[in-house]
Protein chains: 2
Amino acid sequence: MAEKAKATIHDIAEVLNITASTVSRALNNNPRISDNTRKLVLKTAKQLNYQPNNIAAALRNGKSHIIGIIVPTADRTFFASVVRGIEEIANKINYKVIICQSYDNYDKEVQTIDALLSARVDGIIASIGKNTEDFSHFKRAQEKGIPLVLFDRTTDELEVSQIMIDDYLGAFKVTEHLIQQGCRRIAHFTSPKKVSIFRERLRGYTDALKKHNLPVLDELIVGSNLQLEDGRKSMEKLLALPEMPDAVFSASDYGAMGAMQVLKERKIKIPQEVALAGFSNEPFTSFTDPPLTTVDQFSIQMGNMTAELFFEQLKQNGKKHLPQKTVLKPELIIRQSTLKK
Amino acid sequence: MAEKAKATIHDIAEVLNITASTVSRALNNNPRISDNTRKLVLKTAKQLNYQPNNIAAALRNGKSHIIGIIVPTADRTFFASVVRGIEEIANKINYKVIICQSYDNYDKEVQTIDALLSARVDGIIASIGKNTEDFSHFKRAQEKGIPLVLFDRTTDELEVSQIMIDDYLGAFKVTEHLIQQGCRRIAHFTSPKKVSIFRERLRGYTDALKKHNLPVLDELIVGSNLQLEDGRKSMEKLLALPEMPDAVFSASDYGAMGAMQVLKERKIKIPQEVALAGFSNEPFTSFTDPPLTTVDQFSIQMGNMTAELFFEQLKQNGKKHLPQKTVLKPELIIRQSTLKK
DNA sequence: TATATATGTACAATCGATTGCACAGATTTT
DNA sequence: AAAATCTGTGCAATCGATTGTACATATATA
């Protein structure tokens, strides 16, 4: 029972007294194989419990039918959903997906690229780590002719197809919505990191203020890592100001939650005294009390589209292609945390 | 720029006027290679931008250094975290991980097993789909000598190592905690599916009631799919009873959230009038108002342990091993939704 | 009937890395 | 100084599937 020698096409060939090439062709539906032979081969394959060895085929063909995905972390809803979206498409055309996490660690990201190249993946789909400022590891991959597509956390420093949401627009919509609700002193939680998504959200925020002739005040813009704890601290910082804000727009839902906790602890009414909005539409935002206004990023669809973009590029087989930049429109999800009226 | 022919050990050999075998040995730190040669090889490898071809090595060695993971869905926090836990361990010893989702679909699960076997993964870690009642696809994998480890959604019908949490104990603890808080009419949301985790939770619930001489009332046990909407409906059903329950223990956090929404809409006080508890410690449970008492499943650690169990088995290299069954103790997380005192 | 075309298989090289064995030259032992 | 041992490297087979080319037989065409 230990060594059920795995059957190969040679074993099948031997049984039928034909050669491995014929078996291979029969299994691959090559038209030059007679129906009779094909049937015999299939039958014998089943009998021997034959399982094709993709590794051998991959070596010969130079195609592994595996694509590598790099995400900062796989257990955040957004990334998990995008991955799911990618996998849905990949599976349909018989591709498998290797998931790698960079943990927002630059060195790990570099290593991961090398590992994927060594694994001879047919291509790479990635969302860049927060701390990455040098992109030569991605360039190396591209130079080897490996198709590369970036999503969400992207960069313009690479000639690469990318798919992201319009963070600027999302933030603009949130801010404008807050203004329409009558807020005039709107604070913003952002991240000082160089990741473009946060800069874009900041830009959307400031532009909306400007459009409505509201001042952009440094004291109301708080930088942090945007986690729950950061949200708490940022909120406390704001409450220590001479004049309280009448709204907080956090660039992350987690940051908004931290703010919500502090506000509730201090019995500050949401949204009457301070309106609150987040970004990402994490599942929990509909459960909170009050439910949180936020921005939906269509993560599964984003995964689908990323995969489609990727496979399109893969089909072109290394030929030059113009990098496409697809920008998805996010949707403002208005909930009670901002509904003053 | 298109065809930067990827360098192989033969290319390195040619440059240095030695053979590929020497290069291979040099790269693998074989002690029989002189330091001088090794240095030259490494230097040349770097110059040529050599990237080992794992596929070729895998074919030769019969080891792909890839393990397959099958989960019902990758975008649920619990599974995403377990996967992360597995990946942490796997990466440390230079293994990669292929994630596959069964979507709780039996056919897809079977196909996935075949795909992984063809990909020649070195082993499989899986959590069984809800609708799977025949396990021969897993048996087939085992017969081929592929190490298999199951987590969370497991079965005793296979001779296989498994790792799960003690759902019975978790449910028992929750129920006993509710009783200690003075609740006497405790309802339970469960699932009619054959998945053992829900049956175990139900058993923990009833046993705790019995231990404290409380009646087990059918009218208080509501079956559903345990999603948010189901929780709402179940709660409404309970509120329609002649006598209201004084506590609800849902076998899922989502179900509990549904109940919470209904209770709040009806201005029924939590926990004073109805205490509320869930199961899984989804991230959002700490954000709700009031924060939800629930049971933590240590998902990342579960992933770590699953991976460790798996690699232990892998090391034994097909030798017989006694399947181990590891049961993790879950932790009761007490929050305000059940604290009457 | 002789030649041309179709049909079905076989042969052998290939993908890139690994490894048992052989062997030459250098060093040590007796 | 002859024999034994050590060092460092080369040779060639191997992992399993694929595929261009060759070739034999069968059928169609002239």
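Letters A, B, ... mirror the listed sequences (proteins, then strands); counts begin at 1.
- Within 4.0 Å (heavy atoms only), Leu27(B) reaches no atom of the nucleic acid at all.
- Within the 4.0 angstrom heavy-atom criterion, only backbone atoms of the sugar-phosphate kind lie near Ser34(B); the bases stay farther away.
- Evaluation of atom-type donor-acceptor distances gives no pair under 3.5 Å for the side chain of Arg60(A) against the base of dT19(D).
- Residue Ile18(A) is in sugar-phosphate contact alone, with no base atom involved, counting any heavy-atom pair closer than 4.0 Å across all strands shown.
- Listed by first then second residue, pairs satisfying ring pair (Phe, Tyr, Trp, His ring centres under 6.0 Å) with a partner in residues 49-81 of chain B read His65(B)-Tyr95(B), not counting sequence neighbours.
- Every pair passing ring pair (Phe, Tyr, Trp, His ring centres under 6.0 Å) that includes a residue from residues 111-153 of chain A is listed here, sequence neighbours excluded: Tyr106(A)-His137(A).
- Here the side chains of Met164(B) and Ile197(B) are not in contact, with every heavy-atom distance at 4.5 Å or above.
- The separation between Arg25(B) atom CZ and dT18(C) atom P is 11 Å, rounded to whole Å.
- Computed from C1' positions of five pairs at each end, the angle between the two local axes of the helix from dT1(C)-dA30(D) to dT30(C)-dA1(D) equals 50°, rounded to 10 degrees.
- Rounded to whole angstrom, the span from the CG atom of Leu16(A) across to the P atom of dA10(C) amounts to 10 Å.
- Counting non-hydrogen atoms of neighbouring residues, nucleotides and ligands closer than 6.0 angstrom, the CD atom of Glu159(B) reaches no more than 12 such neighbours.
- Remark: P of dA17(D) and CG of Leu59(B) are 9 Å apart, rounded to the nearest angstrom.
- Nucleotide dT9(D) holds its C1' atom 13 Å from the CZ atom of Arg38(B), rounded to whole Å.
- Taking side-chain N and O atoms only, Ser24(A) has a distance below 4.0 Å to OP1 or OP2 of dT18(D).
- One can place CD1 of Ile9(B) at 16 Å from P of dT14(C), the figure rounded to the nearest angstrom.
- The CZ atom of Arg32(A) sits 7 Å away from the C1' atom of dG8(C) (whole-angstrom rounding).
- Note on Asn54(A): nothing from the nucleic acid sits closer than 4.0 angstrom, heavy atoms only.
- Straight-line distance from the NE2 atom of His10(A) to the P atom of dC11(C): 11 Å, rounded to whole Å.
- Asn61(B) has no side-chain polar atom (N or O) that falls below the 4.0 Å cut-off from OP1 or OP2 of dC15(D).
- Asn30(B) comes within 4.0 angstrom of nothing in the nucleic acid, heavy atoms only.
- The phosphate of dT9(C) has neither OP1 nor OP2 within less than 4.0 Å of any side-chain N or O from Thr22(A).
- Using a 4.0 Å heavy-atom criterion, one finds that Asn36(A) contacts no nucleic acid atom at all.
- When atom types are taken as modelled, the side chain of Asn304(B) and the backbone of Gly85(B) share a donor-acceptor pair closer than 3.5 angstrom.
- Backbone-only engagement by Thr8(A) is indicated by non-hydrogen atom pairs under 4.0 Å involving sugar-phosphate atoms exclusively.
- Using a 4.0 Å cut-off, no side-chain N or O of Asn53(B) falls inside it from OP1 or OP2 of dC15(C).
- In this entry the distance linking NE2 of His65(A) with P of dA17(D) reads 16 Å, nearest Å.
- Nucleic acid contact class of Ser21(B) (heavy atoms, under 4.0 Å, all strands): base.
- For dT9(D), one of the phosphate oxygens OP1 or OP2 lies less than 4.0 angstrom from a side-chain nitrogen or oxygen of Thr37(B).
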